[in-house]
Amino acid sequence: MCRGTLTIVSNKKPLIKPSTAYTCLIFVVLFGLSYLGIYSRLAEVHNEQHWLLDELVHAQASALERLLSRSLSSTYILAQEVRRSNGNFRDFDKFAAEVIKSLGGISNLQLAPNGIVERIYPLAGNEKAIGHKILIDDARSKEAYQAIKKRGLTLAGPFELIQGGIALIGRNPVFLEKDGEEYFWGFTSALIYLDELIAATDLDKLSAKGYQFQLSRIHPDSGDLEIFFGSEVNLLPHSIIKSINVPNNSWNITISRNSEYEFHVNLAIAISFVLAVILALLLNRVFLEPERLRKKVNQQTRALEQLAFHDELTGLANRRFLTEKLEQEILNLKRHGRHLAILYIDLDDFKRINDALGHDMGDVLLKTVADRIRDMVRKSDIVARMGGDEFAVILLDLKGADHARLVAEKIIENVGCPITLGKHEVVIGSTIGITLAPDDSYEIGELFRNADLAMYASKRAGKNHYSFFNTEMQQIVTEHLLMEESLRQAIANNEFYLVYQPIISLDTYQLQKFEALIRWRHPLNGEQSPGDFIGVAEETGLIIPIGYWVLSEVCQFINDRQQKWPEVVPIMINISSAQLKDVNFGHRVEEIINASGVDPKLIELEITESVLMEDIDLALQLINQVKQLGMKICIDDFGAGYSSLTQLKKFPVDTLKIDRDFVRDLDDDPIDRQIVEAITAMVHKLGIIVVAEGIETESQLRFLRQIGCDSGQGFLFSKPLSADDVGRFDYPVSISHTDRKQSL
């Protein structure tokens with residue numbers, strides 16, 4: 001009886017299969033976790049979007065302020081030239097063209113003596129404005145009189161121009177002196193088209209991305225709110241408003257965007273449900289089909305083995321395959337007396353193109369170059385991508401050095417043909433180093449080093465060059481290594497010392513600060529200037545400990561001076577690109593400053609313009625770190641690199657040094673004088689102190705003082721001084737009797 005009962009029970013099928021039960025349980029758990037995670041993330045995103053919108057509005061308001069301020073600063077530059085020429089502005093067109101080119105964002109510049117427009121640049125299309133009487137016929141004469149009364153820049157508009165278009169115009173009153181009294185000469189004006197001003201911001205792009213915006217102001221006559229520019233779509237209820245400071249008025253910018261938060265919450269429920277179903281089914285499939293997964297793993301393993309010998313981007317052989325193939329060919333050389341050549345190829349300026357056009361276009365460029373190199377060699381030869389923008393070619397069964405030379409020339413010529421990347425056409429060069437086997441060596445490692453040395457020799461010769469390895473290259477490497485070892489010993493034996501060059505106020509001739517300069521007292525070769533060893537120090541990374549030693553030494557120097565003199569001037573220290581790339585730079589500087597107890601305000605870091613431009617984001621991050629400590633930042637050698645005032649405003653800079661090459665030719669080159677004067681005027685608008693380097697003549701000094709340059713250094717004042725001589729430096733500096741009298 002019991003057995004029969006047991007038999008009946010055992011034949012019953014379960015209502016739910018175990019796999020189904022597991023699937024349902026997994027579904028419930030996954031649905032709950034997915035919904036909770038997505039909902040939490042949506043809430044965070046909603047808050048982040050509101051914060052980002054606020055940051056976005058602030059950024060656009062700041063951008064409009066900066067653009068207007070930069071463009072309107074042109075009126076001060078014109079006013080300065082009017083005053084300098086005592087109202088006889090002869091080269092207005094040429095001067096105005098340079099100002100517009102330097103500042104940008106300006107439609108035209110005007111001169112209006114006695115309030116009547118007489119000069120406009122560019123004149124084409126603006127002829128109707130000639131003879132316009134600003135104080136009589138102009139509907140904005142109220143702002144013009146206000147400018148004269150307040151003796152300051154005023155902004156009129158937006159308004160419709162006589163010659164067509166909606167524009168803003170900044171008018172700056174100019175006063176000249178005659179018989180000891182000032183009189184109103186007229187206006188210098190800058191006209192800015194409103195649509196060009198808006199186009200220089202991101203507002204048009206934001207509209208395309210679903211944002212709505214409006215620009216408004218309080219009308220100067222009616223006092224009513226006036227919306228003078230905005231999106232075609234009305235603003236949504238949730239919007240953010242920021243004020244924009246403009247001369248004699250205030251604008252408001254309002255931006256909104258539909259966050260669709262409720263729609264996203266409902267979408268999150270649907271997505272969570274779908275994800276839970278899919279994942280539950282996938283897990284169920286895993287439970288039921290382990291064999292399928294094992295097969296898939298085996299397929300992936302075979303694919304990875306294939307990838308291990310080929311470059312994924314270009315399809316060329318990779319370094320591993322090249323090395324293994326080279327080992328086989330070296331054996332063939334020894335057995336059969338054959339020859340081969342290794343060509344190391346490096347692309348010139350690839351990083352610049354990659355940064356400018358983006359990594360996707362950079363990948364297209366690399367694939368195109370790979371195809372062109374492959375087309376220039378035989379099918380039996382081996383082409384490999386070694387990594388980044390470096391390639392290698394092994395020419396098998398080499399007929400002679402001329403064969404390798406011919407292939408190198410063909411590669412340089414073919415790679416150098418224009419390449420179309422999207423809407424851009426670029427030209428990239430190639431530098432090649434060549435080594436021969438067995439002529440140069442049988443060892444693979446040595447052959448690779450030889451090709452690498454030859455390639456760097458080609459780079460030193462210039463772009464689009466090739467070089468064959470020779471023993472002199474090895475000698476250069478040996479000398480480089482000896483210099484590196486000497487530098488290491490110099491660091492260990494404390495063979496470096498500092499000298500200090502005074503920086504003088506050009507207004508009072510008072511000492512303002514010193515620049516610390518490193519020197520090396522070599523035990524065998526005697527005194528070494530920085531040009532003899534800084535390059536090797538930067539290449540080897542030794543400049544990093546040397547730089548920290550300089551900072552520590554300067555801190556000790558400041559402490560020693562504070563014990564002897566109540567007032568201590570700041571010290572400027574040069575920072576190299578290698579130091580800025582050191583991830584511990586900010587922390588190490590802070591440790592040295594804190595350990596010394598020196599006031600950070602007494603130290604100013606000098607960074608060359610070219611170093612800043614190598615990696616703007618990294619430089620800005622590290623500069624902000626040291627700025628938070630209270631230290632000041634100076635841009636050195638400005639004008640010698642490829643940056644601009646637009647890039648300069650990104651950095652929290654305190655001081656700017658004009659490159660000594662401009663100062664050197666001030667006596668003979670009028671272009672250099674105009675450049676120095678323009679840099680000084682425009683940089684002052686950014687609130688930055690200007691220092692001129694390399695002042696050696698009194699005529700250079702007089703010109704720099706005349707244009708308002710703040711400070712200077714050079715042999716005219718003093719050569720670099722030892723630490724002991726610094727205390728005996730006499731100031732105010734006496735240049736000449738006449739010039740000294742004028743400065744007091």
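Hydrogens, waters and symmetry mates play no part in the numbers below; they use all other heavy atoms, side chains included.
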Within the structure provided, determine whether Pro158 and Arg217 are in side-chain contact (heavy-atom separation under 4.5 Å). yes
Is any side-chain heavy atom of Ile218 closer than 4.5 Å to one of Leu225? yes
Donor-acceptor contact below 3.5 Å, side chain Arg673 vs main chain Leu666: yes
Quick check: do Ile253 and Leu203 have side-chain heavy atoms less than 4.5 Å from each other? yes
Does any N or O in the side chain of Glu127 come within less than 3.5 Å of the main-chain N or O of Gly125, such that one atom is a donor and the other an acceptor? yes
From Ile241 CD1 over to Gln214 CD, what is the distance, rounded to the nearest 0.5 angstrom? 9.0 Å
Pairwise side-chain contact, Leu72 with Pro247, heavy-atom cut-off 4.5 Å (strictly under): yes
Of all heavy-atom pairs linking Gly708 and His684, the shortest is O-CE1, 3.1 Å
What I want to check is whether the side chains of Ser711 and Gln512 have a donor and an acceptor closer together than 3.5 Å. yes
Testing the basics here: between Ala112 and Ile134, what is the closest heavy-atom pair and its distance to 0.1 Å? CB-CD1, 3.6 Å
Determine whether Ile227 and Leu215 satisfy the following criterion, side-chain contact (heavy atoms from CB on, under 4.5 Å), listing intermediate values before the conclusion. CA-CA 6 Å; Ile227 298 173; Leu215 290 173; over 6 Å; no
To the nearest 0.5 Å, tell me how far Thr680 OG1 sits from Ile688 CD1. 11.5 Å
Should Asp654 and Lys627 count as an ion pair when the cut-off is N to O under 4.0 Å? yes
With the side chain counted from C-beta on, respond yes when Ile623 and Pro652 share a heavy-atom pair under 4.5 Å apart, and no when they do not. yes
Would Leu56 and Phe213 count as a side-chain contact (heavy atoms from CB on, under 4.5 Å) here? Give the steps. CA-CA 11 Å; Leu56 180 65; Phe213 75 94; over 6 Å; no
Heavy-atom side-chain proximity of His132 to Gln110 below 4.5 angstrom: no
When rounded to the nearest 0.5 Å, the distance separating CD1 of Ile198 from CG of Leu64 is 5.5 Å
Are the side chain of Arg660 and the backbone of Glu693 linked by a donor-acceptor contact shorter than 3.5 Å? no
Do Lys513 and Lys632 touch side chain to side chain, with heavy atoms closer than 4.5 Å? no
About how many Å separate CD1 of Ile116 and CG of Asn114, when rounded to the nearest 0.5 Å? 6.0 Å
side-chain contact (heavy atoms from CB on, under 4.5 Å) with Leu511: of Val726, Ile504, Ile503, only one passes, and it is Ile504
Charged N to carboxylate O below 4.0 Å: is that the case for Asp669 and Arg664? no
Roughly how far, to the nearest 0.5 Å, is the CG atom of Asn252 from the CD1 atom of Ile244? 7.5 Å
Side chains of Leu704 and Leu701: does their closest heavy-atom pair fall under 4.5 Å? no
Heavy-atom closest pair (Ile148 atom, Phe175 atom, distance to 0.1 Å) is O-CZ, 3.7 Å
Tell me the closest heavy-atom pair linking Thr75 and Gly170, and the distance in Å. CG2-O, 3.7 Å
Minimum heavy-atom separation for Ile518 and Leu498, please, with both atom names. CA-CD2, 3.7 Å
If we ignore hydrogens and angles and just use 3.5 Å, is the side chain of Ser71 paired with the main-chain N or O of Leu68 as donor and acceptor? no
Does either side chain, that of Glu515 or that of Asn574, offer a donor lying less than 3.5 Å from an acceptor on the other one? yes
Is a side-chain donor or acceptor of Gln510 paired with a backbone partner of Ser505 at a separation under 3.5 angstrom? no
Are Lys242 and Gln60 linked by a side-chain donor-acceptor pair shorter than 3.5 Å? no
Set out, in order, the CA-CA distance, both residues' side-chain angles and the distance that settles salt bridge (Lys or Arg N to Asp or Glu O under 4.0 Å) for Glu98 and Lys101, then state yes or no. CA-CA 5 Å; Glu98 288 293 329; Lys101 181 179 178 181; 5.5 Å; no
In sequence, state the C-alpha distance, the side-chain angles, and the governing distance for Ile77 and Leu103, and then conclude on side-chain contact (heavy atoms from CB on, under 4.5 Å). CA-CA 11 Å; Ile77 298 174; Leu103 297 179; 4.2 Å; yes
Are Thr697 and Phe703 close enough, and set up right, to give a side-chain contact (heavy atoms from CB on, under 4.5 Å), and what steps lead you there? CA-CA 10 Å; Thr697 67; Phe703 175 77; over 6 Å; no
Nearest non-hydrogen partners of Tyr193 and Ile166, listed with the distance: CD2-O, 3.5 Å
Between CZ of Phe717 and CD of Gln501, what distance do you get to the nearest 0.5 Å? 10.0 Å
Has the side chain of Asp710 got a donor or acceptor atom that lies under 3.5 Å from a matching backbone atom of Val690? yes
Other residues, nucleotides and ligands only: do more than 12 of their heavy atoms fall within 6.0 Å of CD on Glu181? no
